[in-house]
Amino acid sequence: MPKNPKRKRALSPIRSLETLKPSSEHYPDLPFPTPEQCRDVRDALLAHHGFPEEFAKYRRSTTSPLGAETAVDGVAGETVLDGLVSTLLSQNTTESNSRRAFESLKSAFPTWEHVLAAESKLVEDAIRCGGLAATKAARIKSILRALKDKRGQICLEYLRHLSVDEVKTELSMFKGIGPKTIACVLMFHLQRDDFPVDTHVYRITRDIGWVPMKADREQAYLHLNNRIPNDLKFDLNCLLVTHGRLCHRCAIRGGSQKTSRSFTSCPLAEYQKSRRVS
């Protein structure tokens, strides 16, 4: 890992950034981020944080003899349904709490059939440490029931053989499963080229001028997925999420809780400065 990353290229944002209008897919008149900017930010964050261990198991790990990337069929022992439920449990809570809730659920019920058959109160108790237990339990049971009724079995492995658009169509039919959750399932659990926009990604990419400040999260998702090269999406997304959690400077700028990081240690400070003077 390089100790002295390349000098960051200036963003040179256009002065009319906030007057741009989104199309049905993205902001076609906004030329940012460029592939070079994506690579520079990825490299800067990688040099600063290293690759986050919590995401390493989902990283594409093999290359074919011809040099083409080969996606693994998910993490060993983890199903697509596991991924969907764990992502649902991560909504409106911390990563550690959602992980505990998922582990508690799997410990309390040996199969998803047992979860479906259980009283809602028991499912709520199992995931209570993750917050919003009643809402999340109802949504989990709704997903399981819909799969049982529609496909005759509680399984989502068939999604591995569908296109990205087909996966989005299938998952969007479930109540409580929105674009961010679907994008996380695509990127982490199906190893597809997608770029989820969570709170940290949304805040940072607006702050460095990659999307207009007035863009909502759905517009940011569409724009960033269109602009960021596929081969950079996974690493860049994981690093932005990690940076958003740890960086004191970025947390303060976004109004988040303070952390122990120094104001002077943010590798994105120059990008934020370029954005402010546009």
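Below, each value reflects all heavy atoms present in this structure, side chains not excepted, and no hydrogens, waters or symmetry copies. The structure presented is a predicted model; accordingly, all values stated were derived computationally and were not measured.
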* Measure the CE-CZ distance between Met187 and Arg192 for me, rounded to the nearest 0.5 Å. => 14.0 Å
Expected list for residues 116-123: side-chain donor-acceptor pairs under 3.5 angstrom, two or more places apart:
from: Lys121; atom 1: NZ; to: Asp125; atom 2: OD1; distance (Å): 3.1
from: Lys121; atom 1: NZ; to: Asp125; atom 2: OD2; distance (Å): 3.1

* Supply the atom-to-atom distance Leu239 CG to Leu45 CG, rounded to the nearest 0.5 angstrom. => 5.5 Å
* To do: Could you tell me which non-hydrogen atom of Cys38 sits nearest to which non-hydrogen atom of Ile228, and how far apart they are?
  => SG-CG1, 3.8 Å
* Got Arg160 and Leu190 here, is their nearest side-chain heavy-atom distance under 4.5 Å? -> yes
* Is there a side-chain contact (heavy atoms from CB on, under 4.5 Å) between Ser265 and His48 once you walk through the steps? -> CA-CA 9 Å; Ser265 66; His48 188 72; 4.0 Å; yes
* Hey, can you tell me if Tyr58 and His189 have their rings parallel, tilted or perpendicular (30° and 60° cut-offs)? => perpendicular
* Can you measure from OG (Ser98) to CD (Glu103) and round to the nearest 0.5 angstrom? => 9.5 Å
* Counting only N and O atoms by type, is there a donor-acceptor contact under 3.5 Å from the side chain of Thr87 to the main-chain atoms of Gly83? -> yes
* Asked: Between the side chain of His223 and the main-chain N/O of Phe32, is any donor-acceptor distance below 3.5 Å?
  -> yes
* **Side chain to side chain, Lys168 and Asp194, heavy atoms closer than 4.5 Å** => yes
* Asked: Are any non-hydrogen side-chain atoms of Lys136 and Arg139 less than 4.5 angstrom apart?
  -> no
* Can you check whether Leu222's main-chain N or O pairs, donor with acceptor, with Asn226's side chain at less than 3.5 Å? -> no
* **Exam field: side chain Glu157 to backbone Val80, donor-acceptor pair closer than 3.5 Å** => yes
* Structure fact -> Interatomic distance, OG1@Thr205 vs CE@Met213, rounded to 0.5 Å, equals 9.5 Å
* Considering all heavy atoms, the nearest Trp112-Leu144 contact -> O-CD1, 3.6 Å
* Structure fact -> Tightest non-hydrogen contact, residues Ala108 and Pro110, listed as O-CD, 4.0 Å
* To do: List the atom of Arg42, the atom of Asp235, and the distance in Å for their closest heavy-atom pair.
  => CG-CB, 4.1 Å
* Thr199 vs Arg217 side-chain heavy atoms within contact, under 4.5 Å -> yes
* **salt bridge (Lys or Arg N to Asp or Glu O under 4.0 Å) involving Glu166 - partner list, sequence neighbours excluded** => none
* Is any side-chain heavy atom of Leu156 less than 4.5 Å from a side-chain heavy atom of Val185? -> no
* **Non-hydrogen side-chain atoms of His200 and Cys250 separated by less than 4.5 Å** => no
* Can you sort out the partners of Lys106 under salt bridge (Lys or Arg N to Asp or Glu O under 4.0 Å), two or more places apart, ordered by chain and number? => Asp82
* To do: State plainly whether one hydrophobic cluster holds both Val164 and Leu159, where clusters connect Ile, Leu, Val, Met, Phe, Trp and Tyr through side-chain heavy atoms under 4.5 angstrom apart.
  => yes
* Could you state whether Ile204 and Phe51 fall into the same hydrophobic cluster, counting links through intermediate Ile, Leu, Val, Met, Phe, Trp or Tyr residues with side-chain heavy atoms under 4.5 angstrom apart? => yes
* Asked: What are the two closest non-hydrogen atoms of Val211 and Ala220, and how far apart are they?
  -> CG1-CA, 4.0 Å
* To do: Start with the C-alpha distance between Arg99 and Glu54, add both sets of side-chain angles, then the distance that settles side-chain contact (heavy atoms from CB on, under 4.5 Å), and finish with yes or no.
  => CA-CA 11 Å; Arg99 184 177 64 251; Glu54 67 178 287; over 6 Å; no
* To do: Mind checking side-chain contact (heavy atoms from CB on, under 4.5 Å) for Pro35 and listing every partner two or more places apart, or none if nothing turns up?
  => Pro229
* Structure fact -> Of all heavy-atom pairs linking Lys141 and Val115, the shortest is NZ-O, 3.2 Å
* Structure fact -> For Phe55, the ring-ring contact (aromatic ring centres under 6.0 Å, His included) test, sequence neighbours excluded, returns Phe188
* Can you get from Leu105 to Ile154 by hopping between Ile, Leu, Val, Met, Phe, Trp and Tyr side chains that sit under 4.5 Å apart? -> yes
* Asked: Under a 4.5 Å cut-off applied to non-hydrogen side-chain atoms, are Leu224 and Trp210 in contact?
  -> yes
* Asked: Is there a path from Leu89 to Phe109 through hydrophobic residues (I, L, V, M, F, W, Y) whose side chains come within less than 4.5 Å of each other?
  -> yes
* Structure fact -> OG1 (Thr242) and CD (Glu53) are apart, to the nearest 0.5 Å, by 11.0 Å
* Structure fact -> side chain to side chain donor-acceptor pair (under 3.5 Å) pairs touching residues 172-184, sequence neighbours excluded, are Gln91-Thr181
* Asked: How many angstroms lie between atom CG of Asp198 and atom CG of Asn237, to the nearest 0.5 angstrom?
  -> 7.0 Å
